[in-house]
Amino acid sequence: MGGLNSLRILQLHSDYIEYLPVQKEVSAAEETEKTARRIEEVVVLFTAVEEEDNEVVATRAIKEIENFLEKLKVNRILIYPYAHLSNNLAKPAVALKVIRRMEEAAKTAGMETFRAPFGWNKKFTISIKGHPLAEQSRTVLADVENEEEKVSEALQAEAKLESSWYIIQPDGSVVPVEKFDFTEHKDLERLAKYEISKTRASQEKPPHIKLMQRLELVDYEPGSDPGNLRWYPKGRLVKSLIEQLVTDTMVNYGAMEVETPVMYDLNHPSLSDYLDRFPARQYIIKSEDKDLFLRFAACFGQFLMLHDTQLSYRQLPLRVYELTRYSFRREKSGEIAGLRRQRAFTMPDCHALCADLRQTKREFITRFKLCSEVLDSLGLEKKDYELAIRFAEDFYNKNRNFVISLVRLFGKPALMEMFEEKAFYWVLKWEFNFIDNQEKASALSTDQIDVENAYRYDITYTDETGQKQHPLILHCSPSGGIERCVYAMLEKSYRDQKEGGVPFLPLWLSPTQVRVIPVSDKFTKDAENIVEEIRRHEIRVDLDDRSLTLQKKVREAERDWVIYVIVIGQKEIDSGFLPVRDRVARKIKKMKLRELVDKILKEVEDKPFKPLPLPQKLSQRPQFYG
RNA sequence: GCCUCGGUGGCCUAGCCCGGUAGGGCAUCACCUUGGUAAGGUGGUGGUCGCGGGUUCAAAUCCCGCCCGAGGCUCCA
């Protein structure tokens, strides 16, 4: 029964690999020079030879790999002896023989074949490509009878543990997902389906894409890489106001705003560890003497900063905040979609260092509340998003009441994922998920308890007794990506409209809050005076001075989602009352200018303000789209 | 990366199956119109039909190759 033993190969389609033999590890090691080697556009085969392998297996392995290379349209391989793939290794002499046989077979098959020396401890750097076939692990069995090929997602699968899915209710009761009655919780059902079975209901284009273009908020930029967007003035205003709101919220909460670099040395020792877990996702920049990667979160910069910080337990919890413009993730081409997912995106990222679990829990609750406040400001209420909460079973058993208290705060049943063991660097994590018109779920706010990175980055504080301690680290994005917030607002508006409602952005985010329309050219001057009076109160007001019909101008104001529209003619000048067309209430109400101003100021109270991002007169505005 | 669909003035789109000198709408420009709450009228400017090759007397249309985009798959600590 030799069937269980085999040749194990981790096959990685790589942009490049660099390796440097450091020292001999076994006596059977081959002779080689201690010089660095770099190979580009290559399929790297990390190979371990197990106990009962014979040389037939080598030929068979190469045959399988040959098929694969055809699919990848690559013809260059590097055979890289890598013992760590197995705990049942063959003797070095046998292994070397098998490896040499592989090399020979590959050359015979016409592959451009490289091989790293056997028996050496080697330092290496690898950049793996981002497509699904890039990472494969294969096991070639020694037993000829057993021809099954096992192909699996190598890196992820190793870390992925069994998890089970439940619905947890505010009263603390827990039901397996399949037993829960979703009648009253359709979006939660969609989230569960999306997370567990990954089914899709719809095949159409996400509606927010058309809206983001038509409203001249934001658009694709063909001159860049996919997933890098251009923001028109109105969109820039909306985005910038949301950024401001999130930042204000975090600063009020006590966070210290910092700024850190967008790119980091690929070979920095503290980072390489972390990076190893996300090998395929970076933009790589070549500088004169080093390779840099663009950050995909604010963690690096903040952790490197905190590593160098002198911290006492008296200063905990310590909150550090950064708005990353941008974070970069080189998502696979097919994964990018409008404002749902980009390759360059803006993400607020707030870390809190806590001394112990007790402090952590208190902090976690505070942040949980802040997150729903932020979403509420965007016009996203509890009914508009769903909570997912994930943890290791062990953590849950010890902290059950804490988990339930979060669900109670949320006030609705939540999706719960329980892992048999701690699978990641966090022990507890939650997200607010928005479900869009295609029934796809996207995470907005999120927070997690990280128990590893303080060690990885050696971040410490001094406790009461003068000892260095590693804190717990909370990672929170209070809003999620800002782009994604806009996506959620637009998708929600579309849904509202489909259900017979009026689509609009919250008043404090509306690029135009009030539009004044003179009934004819004769009243432009009077209209201007009114505009100026409104503007003085920090209200974004504009003037449609184009020589179009009144109907047409009203129509366009509606299409621009302007919430308050005022028409100015002789009657208004005589009476002093303004006919205010309220988009949301869908009626025209007569009021004094002061009344309107007060009403608006009250509605946008406490929210950030920025002035009109375009010329005040519509006749002076270019058309950015269409 | 794979699959599917697509690429025609700034935007939307007809024409493609069945080859015969590219049509409409919006926007833009000019003129008329100066209005009372969701599209006033007339006229004009603007296109080597994504790129390259092939078939043909003739290609937006048929064939081959490539590029770009979108969606799906997959992925999403």
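The analysis underlying the following values was restricted to heavy atoms, covering all of them including side chains, and did not include hydrogens, waters or symmetry mates. Residue numbers begin at 1 in each chain, while the letters A, B, ... track the order of the sequences.
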Who are the ring-ring contact (aromatic ring centres under 6.0 Å, His included) partners of A:Tyr625, not counting sequence neighbours?
-> none
How does RNA chain B look in dot-bracket notation if pairs are Watson-Crick or G-U with both distances under 3.5 Å, crossing ones as [ ], other-strand ones as |?
-> ((((((((.[[[[.)....(..]]]].(((((.......))))).....[[[[[..)....]]]]])))))))....
Any salt bridge between A:Glu556 and A:Arg546, counting N to O under 4.0 Å?
-> yes
Please report, rounded to the nearest Å, how far the C1' atom of B:C73 is from the CD atom of A:Glu331.
-> 15 Å
Do A:Phe293 and A:Phe300 have ring centroids that are under 6.0 Å from one another?
-> yes
Interatomic distance, A:Phe296 CZ vs B:C75 P [rounded to whole Å] = 19 Å
Taken to the nearest whole Å, CD/A:Glu216 to P/B:A27 is 13 Å
Listed by chain and number, what are the side-chain contact (heavy atoms from CB on, under 4.5 Å) partners of A:Ile336, not counting sequence neighbours?
-> A:Pro226, A:Glu331, A:Arg343
Note: A:Glu195-A:Arg390 ion pair, threshold 4.0 Å (strictly below) = yes
Have a look at A:Ala557 and say if it touches a base, only the backbone sugar-phosphate, or nothing, with a 4.0 Å heavy-atom cut-off.
-> nothing
For residues 570-580 of chain A, tabulate all N or O donor-acceptor pairs below 3.5 Å that involve a side-chain atom, not counting sequence neighbours.
from: A:Gln570; atom 1: NE2; to: A:Asp574; atom 2: OD1; distance (Å): 3.1
from: A:Glu572; atom 1: OE1; to: A:Gly569; atom 2: N; distance (Å): 2.7
from: A:Ser575; atom 1: OG; to: A:Lys571; atom 2: O; distance (Å): 3.0
from: A:Ser575; atom 1: OG; to: A:Phe577; atom 2: N; distance (Å): 3.1

side-chain contact (heavy atoms from CB on, under 4.5 Å) partners of A:Ala557, counting only residues at least two apart | A:Arg515, A:Val562, A:Val565
Selection: residues 477-486 of chain A, any non-hydrogen atom under 4.0 Å of RNA chain B | none
Does A:Glu595 pair with A:Lys589 as a salt bridge, N-O distance under 4.0 Å?
-> no
Interatomic distance where CG belongs to A:Asp545 and P belongs to B:U34 [whole Å] = 19 Å
Sequence-distant partners of A:Val519, side-chain contact (heavy atoms from CB on, under 4.5 Å), two or more places apart = A:Phe523, A:Leu550, A:Val567
Provide the distance between the two P atoms, one in B:G65 and one in B:U8, to the nearest whole Å.
-> 22 Å
Excluding sequence neighbours, so at least two apart, what forms salt bridge (Lys or Arg N to Asp or Glu O under 4.0 Å) with A:Glu558?
-> A:Arg581, A:Arg583
N-O pairing of A:Asp187 and A:Arg495 below 4.0 Å = yes
Take nucleotides 35-42 of chain B nucleotide by nucleotide from the 5' end and write B, S or -, depending on whether a protein heavy atom sits under 4.0 Å from the base, only from the sugar-phosphate, or from neither.
-> BBBBBB--
How far does the P atom of B:C18 sit from the matching atom of B:C63, given to the nearest Å?
-> 9 Å
Calculate the interatomic distance between A:Glu221 atom CD and B:G69 atom P; express it in whole Å.
-> 11 Å
Round to the nearest Å and state the distance from A:Leu444 atom CG to B:C76 atom P.
-> 19 Å
Using a 4.0 Å heavy-atom cut-off across all strands, classify A:Ile209 as base, sugar-phosphate, or nothing.
-> sugar-phosphate
Partner residues of A:Asp545 under the salt bridge (Lys or Arg N to Asp or Glu O under 4.0 Å) criterion, sequence neighbours left out = none
Pairs: protein N or O with nucleotides 4-12 of chain B N or O, under 3.5 Å:
none

Determine the interplanar angle of the A:His475 and A:Tyr425 rings, folded into 0 to 90°, and report it as parallel if under 30°, tilted if 30 to 60°, perpendicular if over 60°.
-> tilted
Check side-chain contact (heavy atoms from CB on, under 4.5 Å) between A:Ala337 and all other residues, then give those that pass, not counting sequence neighbours.
-> A:Arg340
